[in-house]
Amino acid sequence: MGIETKTNTLLTIFKKMNEEKFKEVGTSLSLNTYKKYDLTYRRLEEFIPVKFKKENYKDIPLTEINEEFIIGFRNFLRVDKKVGHNATSKMM
């Protein structure tokens with residue numbers, strides 16, 4: 001009998017956070033702010049397969065998030081998605 005380990009992944013945790021944030025809409029969070037969280041999630045969903053050059057690579061373990069990943073995501077937003085400086089900073 002082996003020990004099963006659960007790997008926490010970026011999109012899994014981000015999705016759970018977004019679900020919790022959605023519950024706050026109308027009380028402590030505006031719908032527009034929630035939409036920004038959702039857009040960041042969707043942009044990460046697009047970026048991960050590009051970063052790893054694998055169509056079927058859909059998520060990333062938290063342990064693999066490093067400076068290269070963060071800079072790559074920033075560049076993806078700025079160059080590929082043409083997101084402005086301030087909006088990129090807010091998505092980081």
Side-chain angles (χ1 to χ4, degrees):
M1 188 186 288
I3 297 173
E4 186 176 323
T5 60
K6 180 181 176 190
T7 302
N8 289 320
T9 59
L10 178 61
L11 292 178
T12 301
I13 290 174
F14 208 114
K15 186 175 185 174
K16 287 178 188 176
M17 182 194 74
N18 279 359
E19 289 167 356
E20 291 301 313
K21 291 290 182 188
F22 185 73
K23 293 174 188 176
E24 297 176 31
V25 170
T27 56
S28 61
L29 191 72
S30 74
L31 181 58
N32 284 338
T33 300
Y34 169 76
K35 287 179 180 179
K36 291 173 187 171
Y37 284 108
D38 184 57
L39 178 61
T40 302
Y41 176 86
R42 288 183 283 123
R43 291 296 186 240
L44 280 165
E45 243 181 349
E46 292 176 53
F47 171 68
I48 290 170
V50 170
K51 165 71 177 152
F52 294 98
K53 296 175 179 52
K54 297 177 186 174
E55 192 76 22
N56 61 348
Y57 206 96
K58 305 233 184 267
D59 207 346
I60 179 173
L62 292 178
T63 56
E64 291 185 31
I65 296 174
N66 56 23
E67 182 179 3
E68 179 185 345
F69 180 86
I70 293 167
I71 291 170
F73 182 56
R74 181 204 169 278
N75 290 339
F76 173 77
L77 293 173
R78 296 281 290 149
V79 177
D80 297 2
K81 294 300 175 182
K82 310 279 190 260
V83 177
H85 172 76
N86 288 344
T88 296
S89 295
K90 290 176 185 178
M91 294 176 92
M92 300 301 292

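Every value quoted in this text rests on a predicted model; they were computed, and no experiment measured them.
- Using a 4.5 Å cut-off between side-chain heavy atoms of Ile, Leu, Val, Met, Phe, Trp and Tyr, with links allowed through other members, Met92 and Phe76 fall into the same hydrophobic cluster.
- Atom NZ of Lys51 and atom CG of Leu44 lie 13.0 Å apart (nearest 0.5 Å).
- The CD1 atom of Ile60 sits 7.0 Å away from atom CG of Leu10, with the distance rounded to the nearest 0.5 Å.
- One distance of note links OG1 of Thr12 with NZ of Lys58; it measures 13.5 Å at 0.5 Å rounding.
- Leu77 is not connected to Val79 by any chain of hydrophobic side-chain contacts under 4.5 Å among Ile, Leu, Val, Met, Phe, Trp and Tyr, and they are in different clusters.
- Residues Lys21 and Leu29 approach most closely at O-CD2, 3.3 Å, considering heavy atoms.
- By the 4.5 Å heavy-atom criterion applied to side chains, Arg78 and His85 are counted as neighbours.
- Glu20 is linked by a side chain to side chain donor-acceptor pair (under 3.5 Å) to Lys23, counting only residues two or more places apart in sequence or in another chain.
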Please list, one pair per line, the donor and acceptor atoms closer than 3.5 Å that link side chains of residues 33-41 to other protein atoms, with sequence neighbours excluded.
unit_1 : atom_1 : unit_2 : atom_2 : d
Thr33  : OG1    : Ser30  : OG     : 3.0
Asp38  : OD2    : Arg42  : NE     : 3.0
Thr40  : OG1    : Lys36  : O      : 3.0

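- Taking CE of Met91 as the start and CZ of Phe73 as the end, the distance is 5.5 Å to the nearest 0.5 Å.
- Atom-to-atom distance recorded for Leu62:CG and Phe14:CZ is 12.0 Å, nearest 0.5 angstrom.
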*Checking salt bridge (charged side-chain N to carboxylate O under 4.0 Å, His left out) for the pair Arg43/Glu46: CA distance, chi angles, key distance, verdict?*
CA-CA 5 Å; Arg43 291 296 186 240; Glu46 292 176 53; 2.7 Å; yes
